[in-house]
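Just the heavy atoms: all of them, side chains too, but no hydrogens, waters or symmetry mates, feed the values below. Order of appearance sets the numbers: ligands from 1, and atoms from 1 within every ligand.
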Amino acid sequence: MLNIKDLVVQYPRSSENALDHISLTLEKGDFVCILGKSGAGKSTFIRSINRLHEPTSGQVKWEGMELTTLPEGEMRKIRSEMVMIFQHFNLIPRMTVFQNTLTGSFGRRPAYKNLLGLFSESEKSRGLLALEEVGLEHHANKRVEALSGGQKQRVGIARALLQDPKLLLGDEPVASLDPTTSRRIFGLLKKIHEERELLSIINVHDVHLAKEFATRIIGLRDGRVVFDGKPEEIDERIFAEIYQ
Ligand SMILES: Nc1ncnc2c1ncn2[C@@H]1O[C@H](COP(=O)(O)OP(=O)(O)OP(=O)(O)O)[C@@H](O)[C@H]1O
């Protein structure tokens, strides 16, 4: 369970709060989509949860553990179970699909093994299973730079699977993909979410995608929660409130 209390983020040299006293409780099993117009605070919210961005004040409790005051070493361990799927994939273009996937296990290995690229047979089998799960097993030896956007995002998801995630954070994971590919990627994320009983929190610009896949939608405007409810509750009035 993720318990967020009075979360505030203020960027340096800004007079406004990017997140303005957000309080939310999100449960395992929730597939949460965050909606809001550009600048509403969606990315800042996602990145404050795993402290890729440090909150200015407030609390973020993950499974009872307060994260905002955790020393960086401890936070790194927790971060390994909080996977992040990025808009621009964050892959290493010249490395193969398989090599990129295996980097998902870096957080749990000694640094020298990562530097030397030493992987055990069981790590390699897990990598192949993850590639099968995202339907890329036949592309394992291709360089990532030769893939389409949708395939790149599948590598990002396979890499995330190697982390044994409990919490899935998506920072606009389909923003650079076409509508059909976006839907497929959302379908894949939802399948993984259900099979692994995750808590998933995903920023998305496309309201239709959010309504189709989310179990809960949170609408942000000017860093505040202006809607928190079920997809079917979003009507024209609520839509206007989020996007006006
Ligand atoms: N590094 C930064 N320095 C200063 N202000 C920032 C910084 N990053 C974001 N902001 C501001 O914080 C607010 C929230 O930005 P954020 O990127 O979280 O919004 P968003 O909803 O994710 O927008 P988008 O949909 O365009 O990605 C905006 O007003 C933005 O200008």
Quiz item: Per the side chain to side chain contact (heavy atoms under 4.5 Å, CB included) rule, which among Ile201, Ile217, Ile202, Asp171 passes with Ile34?
Solution: Ile201
Self-check item: For atom 8 (N) of ligand 1, the protein heavy atom that lies nearest, with its residue and separation
Solution: Tyr11 CZ, 3.3 Å
Quiz item: Would a distance-only check, ignoring hydrogens and angles, find a side-chain to backbone donor-acceptor pair under 3.5 Å from Arg154 to Gly135?
Solution: no
Exercise. Tell me, please: is Gly36 in heavy-atom contact with ligand 1, that is, under 4.0 Å?
Key: no
Quiz prompt | Side chain Arg51, main chain Leu70, donor-acceptor under 3.5 Å | solution = yes
Exercise. Please lay out, stage by stage, how Glu123 and Arg126 fare under the test salt bridge (charged side-chain N to carboxylate O under 4.0 Å, His left out).
Key: CA-CA 5 Å; Glu123 282 167 331; Arg126 287 188 67 229; over 6 Å; no
Practice problem: Indicate yes or no for a side-chain donor-acceptor contact from His21 to the backbone of Leu7 under 3.5 Å, with no hydrogens or angles considered. | Solution: no
Quiz item: For atom 30 (C) of ligand 1, is the nearest protein heavy atom closer than 4.0 Å?
Solution: no
Quiz item: Thr68 and Glu66: side-chain donor and acceptor closer than 3.5 Å?
Solution: yes
Quiz item: Is there a protein heavy atom less than 4.0 Å away from atom 19 (O) of ligand 1?
Solution: yes
Exercise. For His205, take its heavy atoms, then give the atoms of ligand 1 lying under 4.0 Å from any of them.
Key: 25 (O)
Quiz item: Of all the heavy atoms in Gly41, does at least one lie under 4.0 Å from an atom in ligand 1?
Solution: yes
Exercise. Please check if the side chain of Arg47 supplies one atom and the backbone of His53 the other of a donor-acceptor pair under 3.5 Å.
Key: no
Exercise. Provide, to 0.1 Å, the distance between atom 22 (O) of ligand 1 and the closest protein heavy atom, together with that atom's residue and name.
Key: Ser43 N, 2.8 Å
Quiz prompt | Glu172 near ligand 1 by a heavy-atom separation under 4.0 Å | solution = yes
Self-check item: Glu16 near ligand 1 by a heavy-atom separation under 4.0 Å
Solution: no
Quiz item: Should the pair Phe213 and Phe186 be assigned to parallel (<30°), tilted (30 to 60°) or perpendicular (>60°) ring geometry?
Solution: tilted
Exercise. Starting from atom 15 (O) of ligand 1, find the nearest protein heavy-atom neighbour and note its residue, name and distance.
Key: Thr44 OG1, 3.8 Å
Quiz item: Does any N/O atom on Ala18 come nearer than 3.5 Å to any N/O atom on ligand 1?
Solution: no
Quiz item: Counting only heavy atoms not in Lys211, do more than 12 fall under 6.0 Å of its NZ?
Solution: yes
Quiz item: Quick check: are there more than 12 heavy atoms from other residues, nucleotides or ligands sitting under 6.0 Å from CD of Glu236?
Solution: no
Practice problem: Among all protein heavy atoms, pick the one closest to atom 25 (O) of ligand 1 and tell me residue, atom and distance. | Solution: Lys42 NZ, 2.8 Å
Quiz item: Does Lys37 come within less than 4.0 angstrom of ligand 1, counting non-hydrogen atoms of the residue?
Solution: yes
Self-check item: atom 23 (O) of ligand 1: the protein heavy-atom neighbour that sits closest, reported with distance to 0.1 Å
Solution: Gly39 N, 2.8 Å
Quiz item: Which protein non-hydrogen atom lies closest to atom 26 (O) of ligand 1, naming both residue and atom, and how far is it?
Solution: Ser38 OG, 2.5 Å
